[in-house]
Amino acid sequence: MASTPNPRKNENPNTSPNNPTTTIAAPIFISTESLHSLLSHETLIHHLQSSLATVSSTLQTPIRQSYAVSPSSSLLLMPSWSLSPSLPYVGVKLVTYFPQNSSLNLPGVHASYVLFSSTTGQTLASMDGTVLTLYRTSCVSGLASKILARDDSETLVMIGAGALAPHLIKAHLSARPSLRRVIIWNRTTEKARKLAEEMQENGGFDGVSFESNRCLEEIVGLGDIVSCATNSETALVKGGSLKAGAHLDLVGSFKHCMRECDDEAIRRGRVFVDNEAALEESGELVGAFERGVIEKGDIAGNLLELIKGEKVGRSNSGEITVFKSVGSAVVDILASQLVYETYNHAELVH
C-alpha cells in the first residue's frame, strides 16, 4: 500500500519526503461485500439522475481500448476523468474477457475499477469492477424506466436469468414502485425458476410476486416493462407481441451480430439510447438502420437529454417506448464516486 517498508522510528510512513506536512492517505480496497453494503439501486438511480446533467460536460471519456491477449481473449480499458472540482477523480475500469471460462465454470468477464485523485494523481481506491458494472448498468435502465415507463406499470417481464437479471429486477422495482408482478424467462427454464424463488425469498420487495414462465411469446404481451439481458443473436421480443403502452429495455447486445428484439419492435416504438455509442454498437439499431426500418434521425433522444428535459419522453399512455443501452465510462465514474464517498462518510461517522 502507501506505507514505507520498515519505517524509521518516529517517521510517519504516510508523510511525503518532499513535504513533511503533506499526508499521503493509503489507498483503500473496497471489498465486494462492502460494495454491496454501500450501494443500493435506489440510491444509485437517484445519484445518476441528479449528477449526470451537471457533470457530463466536464467529463472526458475516450473510446474504450481493446487488446487481444490471445485469439479468443481480450483486455479492455475504459478511462474517464473530470475537469470539475465537484468530481475530482480519474477512473479506469480494467476488464478481461475470457469466453472459454464457461468450460471451467468461471465467469467470462472480470473487472476491477481504480479511482485516482484528479488533483494529485494519488490512488484513492480500488473495487470490484464486475459488481460495479452490474449496479451501474441496471440503474441506467432503472432510471430510463423511471422516465419512460407508465406510472401505473404493474408487470415486469425479465428476459434472461444471468448475473445482471436480479440487478435489473431490483432497479426497475426501485424506479417503479407500482410494479407488483415479475415474470422471468430464460432459455434454461430451471435458471428462471431458481431466480424467481430467490427473488421471492430474499428480494426484499413486499407485495411483489415473482414467477417463471417457459412460454416467451405468451408473457411478452403481459409486460408493462419488458427488460432483456441476454447475448442472443436472434430476436427474442417480437414487436407485434408488445402491449400498447409497454416500455422495452434492451441491455444485452453490444455487437452487430447480437439482437434481442425484431425490427417491428423498433418500428413500433419511440427509441431512446443511453449514449451515442449505441447507434454504432447495438445490433438491433445498426440492423434497423441498414434495413431502412428507421434512420439515425428517428432516435428520439438520449438519457442525458431526457434528464435535462431537452427531449420529451413518453407522450401518451398508449405509446411504446424503447431504451437501448451499451454502457459508458461516464456512469462508471459516477457509480465509483458514490461508493468511495459513501465509504468515506461511513468511516468518518465511526
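Because only heavy atoms are used, hydrogens play no part in the values below, and waters and symmetry mates are left out as well, while side chains stay in.
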Worked verdict on H247 versus R176 for side-chain contact (heavy atoms from CB on, under 4.5 Å): CA-CA 12 Å; H247 172 64; R176 283 292 171 197; over 6 Å; no
Spatial distance of atom CD1 (I333) from atom OH (Y340) [nearest 0.5 Å]: 12.5 Å
Same apolar cluster (I L V M F W Y, side chains within < 4.5 Å links), I184/L173: yes
same_hphob_cluster(V55, L132) at 4.5 Å side-chain heavy-atom cutoff: yes
Residue pair E281 / V286: nearest heavy atoms and the distance that separates them: N-CG2, 4.3 Å
Common cluster, I28/L115, ILVMFWY with side-chain heavy-atom separation under 4.5 Å: yes
Minimum side-chain heavy-atom gap L236-R187 below 4.5 Å: yes
Atom of H41, atom of S138 and distance for their closest heavy-atom approach: CD2-OG, 3.5 Å
Heavy-atom check, side chain of V220 versus side chain of L242, under 4.5 Å: yes
Derivation and outcome, side-chain hydrogen bond (donor to acceptor under 3.5 Å, both in side chains), residues S82 and S84: CA-CA 5 Å; S82 168; S84 169; 4.7 Å; no
Test side-chain hydrogen bond (donor to acceptor under 3.5 Å, both in side chains) applied to E284 and S282, step by step: CA-CA 5 Å; E284 297 92 352; S282 159; 2.8 Å; yes
Over 12 foreign heavy atoms within 6.0 Å of CD, E33: no
Exam field: side chain T130 to backbone A111, donor-acceptor pair closer than 3.5 Å: yes
Side-chain heavy atoms of T96 within contact of V69, under 4.5 Å: no
Heavy-atom donor-acceptor pair, S34 side chain to I30 backbone, under 3.5 Å: no
Check ion pair E211-R181 (N to O, under 4.0 angstrom): yes
N/O donor-acceptor pair under 3.5 Å between Q200 side chain and F210 backbone: yes
Donor-acceptor contact present, side-chain K324 to main-chain S253, <3.5 Å: yes
Distance (rounded to the nearest 0.5 Å) between Y97 OH and S70 OG: 11.0 Å
Heavy-atom side-chain contact between W185 and N213 under 4.5 Å: no
More than 12 heavy atoms of other groups within 6.0 Å of K194 NZ: no
Sidechain-backbone polar pair: N101 side chain, P107 backbone, donor-acceptor under 3.5 Å: yes
Separation of S31 OG from H36 NE2 (nearest 0.5 Å): 9.0 Å
Between CG on residue L334 and NE2 on residue H47, distance to nearest 0.5 Å: 5.0 Å
Atom CG of L106: over 12 foreign heavy atoms under 6.0 Å: yes
Charged N-O contact under 4.0 Å between E197 and R193: yes
Cluster check V271, L279: I/L/V/M/F/W/Y, side chain < 4.5 angstrom: yes
side-chain hydrogen bond (donor to acceptor under 3.5 Å, both in side chains) evaluation trace for E217 with S241: CA-CA 7 Å; E217 290 188 11; S241 299; 5.6 Å; no
Set of salt bridge (charged side-chain N to carboxylate O under 4.0 Å, His left out) partners for E154, sequence neighbours left out: none
Verdict with supporting geometry, T32 and D128, side-chain hydrogen bond (donor to acceptor under 3.5 Å, both in side chains): CA-CA 6 Å; T32 303; D128 185 333; 2.8 Å; yes
Non-hydrogen atoms of A175 and K146 that approach each other most closely: CB-CB, 3.9 Å
side-chain contact (heavy atoms from CB on, under 4.5 Å) assessment of L168 paired with T137: CA-CA 8 Å; L168 281 165; T137 301; 5.6 Å; no
Salt bridge flag under 4.0 Å for residues K308 and E305: no
Closest contact, heavy atoms only, S141 versus D249: OG-OD1, 2.8 Å
Taking every non-hydrogen atom, the tightest pair across I159 and V237: CD1-CG2, 3.5 Å
Nearest non-hydrogen partners of G121 and F116, listed with the distance: O-CD2, 3.7 Å
Hphob cluster co-occupancy, I219 + L248, side-chain heavy atoms under 4.5 angstrom: yes
D151 backbone acceptor or donor facing S178 side chain under 3.5 Å: yes
Main-chain N/O of L39 paired with T43 side-chain donor or acceptor, under 3.5 Å: no
Distance (rounded to the nearest 0.5 Å) between K93 NZ and D332 CG: 3.5 Å
Sidechain N-carboxylate O distance under 4.0 Å for K296, E276: no
Salt bridge (Lys or Arg N to Asp or Glu O under 4.0 Å) partner of E319, the single match among R268, R314, R270: R270
Within-4.5 Å side-chain heavy-atom neighbours: T133 and V109: no
Crowding at CD, E295 (>12 non-hydrogen neighbours, <6.0 Å): no
Donor-acceptor contact present, side-chain D262 to main-chain G239, <3.5 Å: yes
Within-4.5 Å side-chain heavy-atom neighbours: L306 and L143: no
Residues H172, S227; criterion side-chain contact (heavy atoms from CB on, under 4.5 Å); working and verdict: CA-CA 9 Å; H172 286 299; S227 186; 3.3 Å; yes
S212 side chain to E190 side chain, donor-acceptor N/O pair below 3.5 angstrom: no
Under 3.5 Å: donor-acceptor pair, side chain of R180, backbone of P177: yes
Between NE2 on residue H46 and OG on residue S174, distance to nearest 0.5 Å: 13.5 Å
T155 vs L179 side-chain heavy atoms within contact, under 4.5 Å: no
F323 vs D274 side-chain heavy atoms within contact, under 4.5 Å: yes
Steps toward side-chain contact (heavy atoms from CB on, under 4.5 Å) verdict (N275, N302): CA-CA 6 Å; N275 63 78; N302 61 45; 5.7 Å; no
Side-chain (S145) to main-chain (G142) donor-acceptor, under 3.5 angstrom: yes
Mutual orientation of the aromatic rings belonging to H167 and Y135 [parallel < 30°, tilted 30-60°, perpendicular > 60°]: perpendicular
